[in-house]
Amino acid sequence: FKAALKLDPNHLPAQLRLADALLSAGQFAESRRLYETIVKRNANIAQAHYGLGRAASAGGNAAEAAARYRKAIEAFPEYGAAHYALGLALRDQG
């Protein structure tokens with residue numbers, strides 16, 4: 001994905017896939033920075049908000065995770081994974 005972004009640094013699908021891969025690899029800070037860059041350019045990208053929620057959850061911040069999952073759901077109300085993750089984050093908050 002990094003090679004693809006060298007060819008076209010603004011290619012959104014490659015940015016999202018790289019951020020997802022970084023998150024899966026446990027590189028939370030790098031992943032978060034990329035998701036935040038995506039959200040700054042377009043706040044309606046549900047997958048980026050969801051990724052930020054996953055990063056917050058991995059860091060133990062259930063409140064931030066819940067807020068990010070809500071943003072993902074606002075952008076895409078049928079986002080089933082975000083609804084499920086929001087339920088887990090709310091459960092973790094008590």
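Counting begins at 1 with the first residue of the sequence.
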When rounded to the nearest 0.5 Å, the distance separating CD1 of I38 from CG of L52 is 8.5 Å
Which value, rounded to the nearest 0.5 Å, describes the distance between Q47 atom CD and D20 atom CG?
5.0 Å
Shortest non-hydrogen contact from L34 toward Q15
CD2-O, 3.3 Å
A82 to A72 - nearest heavy-atom pair and separation
CB-CB, 4.1 Å
Only distances under 3.5 Å count here; give the side-chain donor-acceptor pairs of residues 86-94 to other protein atoms, sequence neighbours excluded, each with its distance to 0.1 Å.
residue: Q93; atom: NE2; partner: A62; partner atom: O; Å: 3.1

Please, which pairs that meet salt bridge (Lys or Arg N to Asp or Glu O under 4.0 Å) have at least one residue in residues 48-69, sequence neighbours excluded?
R32-E64
Please, which pairs that meet ring-ring contact (aromatic ring centres under 6.0 Å, His included) have at least one residue in residues 36-59, sequence neighbours excluded?
Y50-Y69, Y50-Y79
Can you tell me which residue pairs pass the ring-ring contact (aromatic ring centres under 6.0 Å, His included) test with a partner in residues 15-40, sequence neighbours excluded?
none
From CA spacing to verdict: side chain to side chain contact (heavy atoms under 4.5 Å, CB included), N42, L12:
CA-CA 10 Å; N42 187 344; L12 180 61; 6.0 Å; no
Under 3.5 Å donor-acceptor, E74 side chain and N44 backbone:
no
Counterpart residues, side-chain hydrogen bond (donor to acceptor under 3.5 Å, both in side chains), relative to R33 (two or more places apart)
none
Listed by chain and number, what are the side-chain contact (heavy atoms from CB on, under 4.5 Å) partners of H83, not counting sequence neighbours?
I73
